[in-house]
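Worksheet: the structure to be examined is printed underneath.
Counting starts at 1 for both ligands and their atoms, in listed order.
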Amino acid sequence: MAKETTPKVQTIDPAAIEVLKRAEELGYSTAFSRASKMPPCPIGAEGACCQICDMGPCRLVPTKANPDPVGVCGATRATVAARNMARHIAAGAAAHSDHGRDLIFTLEAVGKGEAQGYELRDIPKLYAVAGYFGIKTDGKKPEQIAVEVAQKAIADMAGQKGEITYLKRAPKKRQEIWRQLGIAPRGVDREVVDILHRTHMGDDQDAEHILHGSLRCALGDGWGGSMMATDISDILFGTPSPLVTKVNLGVLKDDEVNIVVHGHEPTLSEMIVRAVNEPELIEYAKSKGAKGINLCGICCTANETLMRQGIPSAGNDLNQELAIITGAVEAMVVDVQCIMQAVGDLSKRFHTKLITTSPKVKIAGAMHIEFDEHHALDIARQIVRVAIDNYANRQQTQIPSHYHDLVPGFSHEYIRYMLGGTLRGSFRPLNDAVMQGRLRGVAGVVGCNNPRVAQDQAHNYIVKEFLKNDILVVQTGCGALANAKYGLLLGEAAMEYAGPGLREVCEAIGIPPVLHMGSCVDNSRILTVLAQMATEGGLGEDISDIPGVGIAPEWMSEKALSIGAYFAASGVYVLFGVNSPIANSEEVEKIMSEGWEKMVGGKMEFVPDPEEIVRRSLAHIDAKRAALKLPAYDPTKFGKSGDWRMRELLQMPFPERIKALYGMPVAAE
Ligand code: MSK
C-alpha cells in the first residue's frame, strides 16, 4: 500500500501546492493523489510482465524456489524486459513521427494553396530542407518547393530500403558506425513495424538482438520523424529566436476568457493564436462581460506557441488538471499525446469545455471539433467562440498568483547566430569554451513530470548542480517548463546559480545558463547542435567524443524512451530518473549500458537517485575531457570578469573600491 502524501511532498511548485490544497478541500482526485494512493504494479514496473500472447500474461518474478523463472513459452526475463523496452521505444517513435507526418501534410496543403490561414514563414529554411532532399530550387516558387519537400518527406518516412535522408546530417564517423552495425534506419514507418513484428510471440528471442533493432527504430525517430517535424514546424510557423514570456498557473486571468491549448501539435494552436487576436472575437468576448481573451498552453503545444509567439504557458504536464481546478478555464483544447483521461471527468465538475481536435484522439464526454488543415482558421474561430460563450458559466475561481518570466526560443540556428553574428555564425566559441575548461561540458535535461516523484524537484536539483559545475544546460519539453517556473531560464540565473566559467560565457554572449530549445520533437535540435559541435573541430570527430550527457529526471512517456535510445545510438550517455523499467533483468541493464557503450559509444541507464545521476554525469564528462586531452576542469581559473566583478566592486567600501579599480589608495582628506 502506498503512503498517502501531502501537496508539499508531491510538488515543489508553490502554485501547484495551492491548487492541490483546493482539490483536497473539494474532494477531487488528481494524478498526484491517485499516484500516492496507488503504488505502481511491482511486476510491470520492472519489466517482468509479458502480455504478448494469451498463454500468459506471465509474471517472471524470481523467488528463492525459482530464481530464474521463464514464461509459458520459455521466454526469459531478459527476453521479456527487452521486448517490453523495444515496444515502448517503437510506440514513442511512432507518436513523434506521426506528429511529423501531420505537419508534412499541412506543408503540402499550404504549397498547393489549400490550407486556410497558413503561410510559409521561414523560406530560407524551406530552401535548406529542399537541399537535404536534393530538390532543385532554381526558378521555382516557394509553394512548389514546399509541395516537393512534402512529397519527398513522406516518401522518406515510408522508405522500405536504403536509409533516411537526414542521416547525412550526422557527423561522418557516426554515419559509418550506424552503417557498419546495420542500424542506419530505413523509413521510420518500416522500423516501427519491424519492432512490432520481431517482438510478436515466437519471433526475436535474443535480448541483445531485440534491443539492437530498437536502436534502429529510435534513430528513425530522432534523425527522421522528429527532425522533420521540427524543420517543417519552423518552415510553417517560423524558426524560434529568443523572446520574453511567462510560465505557471498564475498566467490564467480572472477577468478574461481563458483558453488552454494542450498536447503537442502546433498546427491548430497557431491558428487559435491568430483567432484570439481578431478584433471581432475580442469584441465578442467583451460583449459577454470579459475584458479580453487570454490564450495559454500546457505541455508541448505550450512550448510550440511559447517559443514562437510568446504565448504564456500554464505549466508542464502535471499542471493540466490543476489548471481546470482553478475554475478559470473556459476551454481546454487538446490535440495529441500526454493528455490525461482524468481531465474529461474533471472538466465536468467545473464549467470547462474539454475540446478534442485530433482525428486520432477522442475522450469520452469531451466536445469534438475535428481539426482539418484545409479549414483550420475557421475551426480555430469556432473553438474560440465556444470558449467565449462558456465565460458566463464560470463560478468561483482560485488562480494562484505565481508565475515567472522566461526567455525561450534557442533554436540551433539562433545558437549558431548568437555565437558569431550573421556573417560569422559558428559553434567555434562554444567548442573553445569547452576546450579551455570555461565550460566543463554540456547537458540536455529533458522530459516529463511524473507524480511518482515530487514535481520539478529532480529537474531543479540536477540543473542547479550542473550550473554550479559550469555545465551549459539545454532543455526541451516539460523539463524546460519545470525550470522556467523557478527563474532558471533567465539571464539573471547565471549570476545566481552558475559557476565562474559558465557565468563568463553567459555574460559574454548575453544568454541564460539554461537554454529552452523547444518541445519534445525538438530534441532533434539538440542532435543538430551536437553534430555541429562534433564537426566544428577540437572536440573529437564524433558526438560520442563530446563531454556531455542527456538526462530525463522525471520521465514517464514512451516518447522519452525513444528519445533516450536515439541519443544513446548517437553516442550520448543518457540517464533516466524515477525507476527502471528493465530492473528485472541484469542482462538487459548490462546490454543497454556497457553493451551499447562498446557498440555505439552511448548508453542508457536508469538511476532513480538524482544525486547519483549528477555524480555519474560529472564523472562521464570529466572522463571525456581526459580522453580529448583537455585541461582538467578547474573553476578557480575563471570568473573574475564582467558583471560578477562589477558586483564585487560595488559591494566594496569606497576607498577599497577605488584601490581595486585604479590600483592606488584614495588620498586622505
Ligand atoms: S509533453 S512527453 S510529458 S515532456 Fe512533450 Fe511533457 Fe513528456 Fe509529454
Side-chain angles (χ1 to χ4, degrees), residues 11 13 16 30-32 35 88-89 91-100 103 218 221-222 225-226 229-230 233 247-248 260-266 269 296-307 313-323 332-343 358 361 408 444-453 455-456 458-460 462-463 474-485 489 516-526 550-567 574 576-578 581:
T11 177
D13 175 355
T30 61
F32 297 87
H88 289 316
I89 290 171
H96 275 155
S97 300
D98 208 36
H99 166 166
L103 283 156
D221 172 10
S226 280
T230 296
S233 298
V247 62
N248 215 341
V260 177
V261 287
H262 170 25
H264 280 77
E265 293 180 349
S269 53
C296 52
I298 293 268
C299 275
C300 280
T301 304
N303 279 315
E304 298 279 355
T305 51
L306 173 101
M307 65 183 168
S313 162
N316 41 6
D317 189 52
L318 280 178
N319 278 18
Q320 59 187 281
E321 291 172 286
L322 308 186
M332 181 173 276
V333 187
V334 301
D335 48 75
V336 294
Q337 302 166 21
C338 304
I339 304 142
M340 292 189 197
Q341 189 165 349
V343 293
S358 166
V361 177
V445 184
V446 306
C448 326
N449 280 151
N450 185 328
R452 297 287 172 205
V453 294
Q455 183 191 22
D456 301 343
H459 277 297
N460 211 248
I462 290 168
V463 167
V474 295
Q475 293 213 274
T476 60
C478 291
L481 299 175
N483 284 311
K485 287 187 205 167
L489 275 66
H516 181 298
M517 290 195 72
S519 63
C520 293
V521 288
D522 293 331
N523 282 299
S524 64
R525 295 189 204 272
I526 303 177
I551 320 283
E554 300 177 23
W555 75 282
M556 63 86 191
S557 95
E558 291 174 312
K559 289 177 294 170
L561 294 171
S562 177
I563 294 165
Y566 71 64
F567 271 97
V574 183
F576 278 65
V578 190

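For ligand 1, the atoms closer than 4.0 angstrom to any heavy atom of Lys559 are 2 (S), 8 (Fe). The contact set between ligand 1 and Cys300, taken as ligand atoms under 4.0 Å from a residue heavy atom, comprises 1 (S), 5 (Fe). Numbered from 1 in the order shown, with element, the atoms of ligand 1 that lie under 4.0 Å from a heavy atom of Cys299 read 1 (S). For ligand 1 and Gly447, the ligand atoms under 4.0 Å from any heavy atom of the residue are 4 (S).
Put simply, the residue from Thr476, Asp522, Asn303 that forms a side-chain hydrogen bond (donor to acceptor under 3.5 Å, both in side chains) with His516 is Asn303. When the options Thr11, Asp13, Asp456, Asn319 are evaluated for a side-chain hydrogen bond (donor to acceptor under 3.5 Å, both in side chains) with Asn449, the one that passes is Asp456.
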With side chain to side chain contact (heavy atoms under 4.5 Å, CB included) as the test, would you mind laying out the steps for Trp555 and Leu561 before giving the verdict? CA-CA 8 Å; Trp555 75 282; Leu561 294 171; 3.7 Å; yes
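Nearest protein heavy-atom neighbour of atom 6 (Fe) of ligand 1: Cys478 SG, 2.2 Å.
When non-hydrogen atoms are compared, ligand 1 lies under 4.0 Å from neither the backbone nor the side chain of Gln337.
Here Cys520 does not reach atom 6 (Fe) of ligand 1: none of its N/O/S atoms is less than 2.8 Å from the metal. Within the coordination shell of atom 7 (Fe) of ligand 1, defined by N, O or S atoms under 2.8 Å, Cys448 is present. In summary, an N, O or S atom of Cys338 is located under 2.8 Å from atom 8 (Fe) of ligand 1.
Counting heavy atoms from C-beta on, the side chains of Cys338 and Met556 come closer than 4.5 Å.
Using modelled atom types and a 3.5 Å distance limit, the side chains of Ser269 and Thr301 yield no donor-acceptor pair.
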